[in-house]
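These numbers come from a predicted model, not from an experiment. In the text below, chain A, chain B and the rest are named by the order of the sequence lines, each starting its count at 1.
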Amino acid sequence: MNDKITQAIEQVCKQLFDSDVVVALERPDEQFGDVATNVAMQLAGTLGENPRQIAEKIAAGLRETVADMVDEITVAGPGFLNIRLSDQELWKATQHSPLQKYAGQKIVAEYSDPNPFKILHAGHIFTTVIGDAIAKLLELAGAEVHRVNFGGDVGLHVAKTMYIVLQQFDGENPTKLADIPEEKRSEWIADAYVKGHAAYLDDEAAKAAIIELNKCVYQLHADDDHDSPFAQIYWTCRQWSYEAFDVFYERLGTKIEKYYPESETTELGMEAVTKHIGDVFEKSEGAIIFRGEKYGLHNRVFINQQGLPTYETKDVGLILKKYQDYHFDRSVVITGNEQEQYMGVVLKAIEQFLPKLAQATTYIPHGMLKLTGGVKMSSRLGNIVRANDVLDITAEALRESGHKPEDYMLLAAIKYAFLKVRLGRDLVYDPKESVALEGNSGPVILYARARARSILKKAAAAVDTSNNTALEANERSLLRKITEYTEATNKAIEELMPHNICTYLYELAQDFNRFYEHNRVLGDPREAVRLRLVASYADTLQAGLQLLNITASDEI
RNA sequence: GCGCCCGUAGCUCAGCGGAUUAGAGCACUGGUCUUCGGAACCAGGUGUCGCAAGUUCGAAUCUUGCCGGGCGCACCA
């Protein structure tokens, strides 16, 4: 619909002024019309004419070419061109056709990134929900999306965990693994990490032992060792971590199709970095570094003094590995913004020897998750808020408000709360507010949808889809709001920011509530048309919720 | 010290260059309705849009400086 109007305006401008302006349509205040454009003001500069006069000329031309689609075309203010569509065109506009910005593209979306040998913390649930919503947006825009994550199965944190495990097992005794009950595995690993981390900080001997273990873990991978007692413990613990991730993702309603462990990216990374010592990387104090300061960035170590790859090199390997596996058109990487500058350095380094891969990468940083009261959650400290804690405090909030903490409601509350603020901002999470039955919350949207579905179920009349019934002003107003879904999703796609969807859904629900309060549907002479409105409204809410990966229910 | 991000009503946030009064929700106050799911609707009012300059016909929105907060700055991830 908008395409036709846009084309018509461009055509008229071409005919009248021989101008090739690109027309951008906006959504004006309702009193002015359904769509508007400021082309006349743009043209005024180049043509040296009064923008209002230009607008009048364009309006006259348009009245000829799009007469069948519009009710009224007016000129207002400094030269805005306002167009009021016909009812039929508005109905057509409820058939949403999202911007196909990524049509036919294969996109690898990396997010969540939990580390095996550690526990999932609150930040992971946040980043996973955000990553999921972005993946959904990419799919809506026509992409084939592959969801992957990246986690450290080698490195100091692994050595810290293994140090305590070995202590508890009285050495390399894999048979002791059987003593750990299945349901206690992730807690047990988490606990070992926390203790290992503390030992590393407090105890010099432990620190030395952990550094040694770190090398052992790298060696284990180099040797492809699956048989030694040490290796058996290592691989089993890694597997247990991955199983815990599977459970977590399933509960959140997502599926990560591939877990990239760092161990599988080190070789490719080392190869690439080593190959470019001299032209891209350089030696410094016994390490191999990238001199980011040449580009206004930080210098970073890629291979440390012991000859081991740092995270930087593993990330270089990761992008190569992803490309080997998928031959993607675009790689989207989503992480917390504390890594933003780090990422800048890695991408700049990659740009030096693989410019195409760097250009095909979209990095999306998001903010930090905080609890009400401003408590920040750290992944390094032992006293962290765990991912499950977030689910638990939300369940508790539901109970306190007198509701069953069913998962669909729990997740709707959490996901919506996480997604409703502009991407990039820190989020202050208030579980009470997230489950609130009023205000801009997930449960409110769920309820709004359930209510609309209930009306439709009770309806006796057939829905009037004829376009023969002229709409009343308040009906038309609601319909207009429903058609805005397309703009909301397009904006979300364009910016890759899901909060646009939340903002819109809430506005829509508010508008509907107002309409519904003052207009009867069932039993009213206008029931048939109004049912069509209610159905369209319910469908729109449903589409929006799906985009946010929120599951709705008809019975609440 | 340098760099990146952020600063909008008491609180949580939209708005991120255009239509002379900057919007929601929460909280607070009053009202409507024997309610198609009342988890509703209506009314009531607060803001030097951190501060100051600049660009523009026009700035919460762009630029610069300052103030305040968060994060990052070499062998952790």
Side-chain angles (χ1 to χ4, degrees), chain A residues 26 28-29 31-32 36 38 41 76-80 82 113 115 118 150-152 155-158 160 197 200 214 262 284-293 296-312 314-315 335-342 344-345 365 367-368 370 372 374 376 379-380 401 403 417 420-422 424-430 432-433 436-441 443-444 446-448 450-459 495 499-500 502-504 506-507 510 513-524 527 530-531 534 555-556:
Chain A
E26 305 167 24
D29 266 12
Q31 51 173 315
F32 299 115
N38 62 358
M41 277 115 94
F80 287 97
N82 294 319
D113 295 351
N115 285 323
K118 285 174 82 169
F150 184 43
L156 263 188
H157 69 280
V158 179
K160 288 171 184 170
H197 181 67
Y200 183 86
N214 190 23
E262 282 181 14
S284 173
E285 295 171 35
I288 305 301
I289 70 159
F290 177 70
R291 205 163 280 285
E293 65 189 17
L297 306 170
H298 298 143
N299 295 342
R300 305 221 47 138
V301 172
F302 278 64
I303 301 175
N304 69 21
Q305 287 171 341
Q306 287 126 48
L308 295 177
T310 60
Y311 191 52
E312 286 78 344
K314 294 166 190 168
D315 246 329
T335 79
N337 57 18
E338 83 275 5
Q339 293 194 40
E340 191 168 2
Q341 288 175 90
Y342 156 82
V345 177
M368 296 285 117
K370 298 171 179 177
T372 25
K376 197 210 153 197
S379 62
R380 299 289 159 71
S401 64
H403 295 83
K420 76 175 182 179
V421 302
R422 191 182 178 84
R425 288 184 67 127
D426 287 351
L427 181 91
V428 181
Y429 181 63
D430 181 347
K432 276 200 184 107
E433 198 185 294
L437 310 165
E438 53 196 1
N440 190 3
S441 79
V444 163
L446 245 47
Y447 178 75
R451 194 185 192 192
R453 300 277 303 158
S454 163
I455 296 162
L456 294 169
K457 270 184 211 157
K458 283 190 189 165
E495 301 177 339
H499 81 285
N500 290 297
C502 297
T503 305
Y504 167 75
Y506 184 55
E507 283 173 12
Q510 279 186 120
N513 281 342
R514 275 181 206 122
F515 171 83
Y516 192 60
E517 185 69 19
H518 303 293
N519 300 277
R520 215 174 154 87
V521 175
L522 299 184
D524 190 272
E527 175 170 346
R530 289 180 178 173
L531 281 175
V534 175
E555 277 141 41
I556 292 179

Check your understanding: Nearest to the side chain of A:Val428 - B:A77, B:C13, B:C42?
Key -> B:C13
Point to revise | Nearest-angstrom distance, P atom, B:U46 to B:A9 | key: 15 Å
Point to revise | A:Lys314 side-chain N/O to B:A77 phosphate OP1/OP2 under 4.0 Å | key: yes
Check your understanding: A:Asp524 near the nucleic acid: base, sugar-phosphate alone, or nothing, with a heavy-atom cut-off under 4.0 Å?
Key -> nothing
Practice item. Find the distance A:Asn500:CG to B:C13:P and express it as a whole number of Å. Key: 17 Å
Check your understanding: Hey, does the side chain of A:Asn82 reach the backbone of A:Ala36 with a donor-acceptor pair shorter than 3.5 angstrom?
Key -> no
Check your understanding: For the atom pair CG (A:Leu308) and NZ (A:Lys314), what is the distance rounded to the nearest 0.5 Å?
Key -> 8.0 Å
Review point. In terms of side-chain heavy atoms of A:Val301, which of B:C16, B:A39, B:A74 is nearest?
Key: B:A74
Check your understanding: Can you tell which of B:G15, B:C36, B:A39 lies closest to the side chain of A:Arg422?
Key -> B:G15
Review point. Taking a pair as Watson-Crick or G-U wobble with both distances under 3.5 Å, which nucleotide is matched to B:G58?
Key: none
Exercise for review: Could you please name the option among B:A14, B:C36, B:A40 that lies closest to any side-chain atom of A:Asn513?
Suggested key: B:A40
Exercise for review: Please round to the nearest 0.5 Å and tell me the distance separating atom CG of A:Leu446 and atom CD1 of A:Ile556.
Suggested key: 4.5 Å
Study note, to complete from the structure: Taking a pair to mean Watson-Crick or G-U wobble geometry with both distances below 3.5 Å, B:C4 pairs with B:G70
Check your understanding: Counting side-chain heavy atoms from CB outward, which of B:A14, B:C41, B:C73 is closest to A:Arg300?
Key -> B:C73
Practice item. Just compare B:C41, B:A39, B:C73 and give me whichever is closest to any side-chain atom of A:Glu517. Key: B:C41
Revision key, fill the gap. Atom CG of A:Leu297 and atom P of B:C71 are separated, to the nearest Å, by 21 Å
Point to revise | Of A:Lys420 and A:Gly152, the one whose closest RNA chain B nucleotide lies more 5' | key: A:Lys420
Review point. Mind checking the C1' distance from B:A52 to B:A19? Whole angstroms is fine.
Key: 29 Å
Review point. What does A:Ile556 touch in the nucleic acid at a heavy-atom separation under 4.0 angstrom: a base, only the sugar-phosphate, or nothing?
Key: base
Point to revise | Among B:U12, B:A77, B:C36, the one nearest A:Glu262 by side-chain distance | key: B:A77
Point to revise | For B:U20, the Watson-Crick or wobble counterpart (both distances under 3.5 Å) | key: none
Point to revise | Donor-acceptor pair, side chain of A:Arg451 and main chain of A:Arg453, under 3.5 angstrom | key: no
Study note, to complete from the structure: What one should report as the nearest heavy-atom pair of A:Tyr429 and A:Ala417 is CE1-CB, 3.8 Å
Practice item. Could you check whether the rings of A:Tyr311 and A:Tyr342 sit parallel, tilted or perpendicular, using 30° and 60° as the cut-offs? Key: parallel
Review point. Any donor and acceptor pair, going by atom type alone, linking the side chain of A:Glu527 with main-chain N or O of A:Gly523 inside 3.5 Å?
Key: yes
Check your understanding: Between A:Asn214 and A:Val158, is a side-chain contact (heavy atoms from CB on, under 4.5 Å) present by the stated rule, with each step listed?
Key -> CA-CA 7 Å; A:Asn214 190 23; A:Val158 179; 6.0 Å; no
Review point. Nearest-Å distance, CZ (A:Phe302) to C1' (B:C73)?
Key: 14 Å
Review point. Distance check: side-chain N/O of A:His499 vs OP1/OP2 of B:G15, anything under 4.0 Å?
Key: yes
Study note, to complete from the structure: Ranking B:G15, B:A77, B:C42 by distance to the side chain of A:His518, first place goes to B:C42
Revision key, fill the gap. Separation of B:A74 atom C1' from A:Glu293 atom CD, nearest Å, is 11 Å
Check your understanding: Considering only the C1' atoms, how many Å lie between B:G25 and B:C51, rounded to the nearest integer?
Key -> 29 Å
Revision key, fill the gap. Rounded to whole Å, the CZ-C1' distance (A:Arg451 to B:C36) equals 9 Å
Check your understanding: For every nucleotide of nucleotides 25-31 of chain B, 5' to 3': is a protein heavy atom under 4.0 Å from its base (B), only from its sugar-phosphate (S), or from neither (-)?
Key -> SSS----
Tabulated below should be each protein N or O lying under 3.5 Å from an N or O of nucleotides 1-7 of chain B; please produce it.
from: B:G3; atom 1: O2'; to: A:Gln341; atom 2: OE1; distance (Å): 3.2
from: B:G3; atom 1: N2; to: A:Gln341; atom 2: NE2; distance (Å): 2.4
from: B:G3; atom 1: N3; to: A:Gln341; atom 2: OE1; distance (Å): 3.2
from: B:G3; atom 1: N3; to: A:Gln341; atom 2: NE2; distance (Å): 3.4

Check your understanding: Which one is paired to B:C36, where only Watson-Crick or G-U wobble pairs with both distances under 3.5 angstrom count?
Key -> none
Review point. If we take the P atom in both B:U55 and B:U61, what is their distance in whole Å?
Key: 15 Å
Review point. Whole Å only: how far is the CD atom of A:Gln339 from the P atom of B:A77?
Key: 11 Å
**Study point:** Sugar-phosphate only, base, or nothing, as touched by A:Ala450 at under 4.0 Å among non-hydrogen atoms
**Key:** base
**Study point:** Separation between the P atoms of B:A60 and B:C73, rounded to whole Å
**Key:** 37 Å
Point to revise | Residue whose nearest RNA chain B nucleotide is more 5′ - A:Phe515 or A:Tyr342 | key: A:Phe515
Check your understanding: Ignoring hydrogens and angles, are the base of B:A74 and the side chain of A:Ser284 linked by a donor-acceptor pair under 3.5 Å?
Key -> yes
Exercise for review: Scan A:Val521 against the nucleic acid and name what it touches under 4.0 Å (heavy atoms): base, sugar-phosphate only, or nothing.
Suggested key: base
Revision key, fill the gap. Paired to B:A52 by Watson-Crick or G-U wobble criteria (both distances under 3.5 Å) is B:U64
Point to revise | Pairing partner of B:G45 (Watson-Crick or G-U wobble, both distances under 3.5 Å) | key: none
Practice item. Using a heavy-atom cut-off of under 4.0 Å over every strand shown, decide if A:Asn519 touches base, sugar-phosphate, or nothing. Key: base
Check your understanding: Between A:Glu507 (CD) and B:A14 (P), how many Å, whole number?
Key -> 13 Å
Revision key, fill the gap. Partner of B:A27 under the Watson-Crick or G-U wobble criteria, both distances under 3.5 Å, comes out as none
**Study point:** Nearest-nucleotide pick for A:Glu285, side chain only, options being B:G15, B:A74, B:A77
**Key:** B:A74
Study note, to complete from the structure: A:Tyr516 OH to B:A40 P, in whole Å, measures 13 Å
Point to revise | Atom C1', compared across B:G15 and B:G1: separation rounded to whole Å | key: 36 Å
Check your understanding: Between B:C2 and B:A74, how far is it from one C1' atom to the other, in whole Å?
Key -> 15 Å
Practice item. Answer yes or no: is there a donor N or O on one side and an acceptor on the other, between the side chain of A:Thr310 and the main chain of A:Val301, under 3.5 Å? Key: yes
Check your understanding: Is there a donor-acceptor pair closer than 3.5 Å between any side-chain N or O of A:Gln341 and the backbone N or O of A:Leu297?
Key -> no
Show each protein N/O and nucleotides 17-19 of chain B N/O combination with a separation under 3.5 Å, one pair to a line.
from: B:A19; atom 1: N6; to: A:Asn82; atom 2: OD1; distance (Å): 2.8
from: B:A19; atom 1: N1; to: A:Asn82; atom 2: OD1; distance (Å): 3.4
from: B:A19; atom 1: N1; to: A:Asn82; atom 2: ND2; distance (Å): 3.0

Practice item. Would you classify A:Ser454 as touching base, sugar-phosphate or nothing, given that sugar-phosphate means primed atoms plus P, OP1 and OP2, and contacts are heavy atoms under 4.0 Å? Key: base
Exercise for review: Can you tell me the pairing partner of B:A77 across any strand shown, Watson-Crick or G-U wobble, with both distances under 3.5 angstrom?
Suggested key: none
Review point. C1' atom, B:G58 versus B:G17: distance in rounded Å?
Key: 9 Å
**Study point:** NZ-NE2 distance between A:Lys118 and A:His157, expressed to the nearest 0.5 angstrom
**Key:** 6.0 Å
